[in-house]
Amino acid sequence: MNRPVLLVIAHGSRDPRHAATVQALVRRAGALRPGLRVETAFLDFNLPSVTGVLDRLAAEGVRDVVALPLLLTRAFHAKADIPAVLRQAPASLRVRQAEVLGPSPLLISAVERRLYEAGLTPGDKSATGVVLASAGSTDPEAIAVIAETARELRRTGWCSVRPAFASASLPRTEDAVRALRADGVCRVAVAPYVIAPGRLPDRIAAGASGADVLADVLGPSPELARLLLERYDGAHSARRQVARTA
């Protein structure tokens, strides 16, 4: 049986760094799984669009697609926007939506990778507080996942971890930095919990001016590339189980 095509769906941005980072991540995931066809599409601002890619795949005779939201939490895009656009797929396509990327231990590892690349070491953990700065959401489920991710990061040994948000929710990055300072933390690091550069990551960086360390966005890290394939495999396995029981 041919494996379904993996369609990675990113939000899109007017910032060209966003699409370039997404494409680099998708290429890295594809390199880990030779023979797997991987496509990229965007909800907004960038091309190709999701409907455009789905139409092209159907015209080529593809029958099975796993659509993977390139999102860290199950907020509005995962719950509403992406299902709505996938419902417009040609009738000849069987499309299964995979789970979003978070939560996952691989994301914790990716955050730590970026912190170490920014100059920290495992020996710095006990004296370093981390601001886990995400884009933000009004969705309570998404906010709860970010809070739990901060707790999981804290359990790896950092002296304190506070979540922060670039929009929609509070506290802001700068507020979390000040709170860690007020707690007497010796060193403060800001870890952007976002996948690609853009307007909100730039806002996070601006809010990190009072920190000692600013890590990079998660980007095309090996952990994220592995996680894309893990989510693909989960959706593919679920489809096969349904087929066997049908």
#### Entry: Candidate list V95, T40, L54, test side chain to side chain contact (heavy atoms under 4.5 Å, CB included), partner L7, passing option
L54
### Task
Taking R96 for its side chain and A67 for its backbone only, find out whether a donor-acceptor pair lies under 3.5 Å.
no
### Task
Would you name the heavy atoms of H236 and P4 that are closest together and state the gap between them?
NE2-CD, 3.3 Å
### Query
Going by an N to O cut-off under 4.0 Å, is there a salt bridge joining R178 and D175?
yes
### Message
Would you say that P201 contacts I195 through its side chain, given a criterion of any heavy-atom pair below 4.5 Å between the two side chains?
### Response
no
### Pair E152 + R155, salt bridge at N-O below 4.0 Å
yes
### Task
Step through the shown structure and confirm whether more than 12 heavy atoms of other residues, nucleotides or ligands are within 6.0 Å of CZ on R37.
yes
### Message
For R181, is the CZ atom crowded, meaning more than 12 foreign heavy atoms sit under 6.0 Å from it?
### Response
yes
### Matching residue for F42 among I9, L47, V22 - test: side chain to side chain contact (heavy atoms under 4.5 Å, CB included)
V22
### Task
For residues L227 and S104, report the shortest heavy-atom separation together with the two atoms involved.
CD1-OG, 3.6 Å
### Query
Picking from T73, L72, L71, what satisfies side chain to side chain contact (heavy atoms under 4.5 Å, CB included) with P69?
L71
### Query
Can you check whether Q23 reaches N46 side chain to side chain, under 4.5 Å on heavy atoms?
no
#### Entry: R114 (side chain) donor-acceptor with L218 (main chain) under 3.5 angstrom
yes
### Task
Please examine the side chains of R28 and P222, heavy atoms only from C-beta on, and report whether any two atoms are closer than 4.5 Å.
yes
### SB check K125 E112 (cutoff 4.0 Å)
yes
### Message
Within a 6.0 Å radius of atom CD on Q97, are there more than 12 heavy atoms belonging to other residues, nucleotides or ligands?
### Response
yes
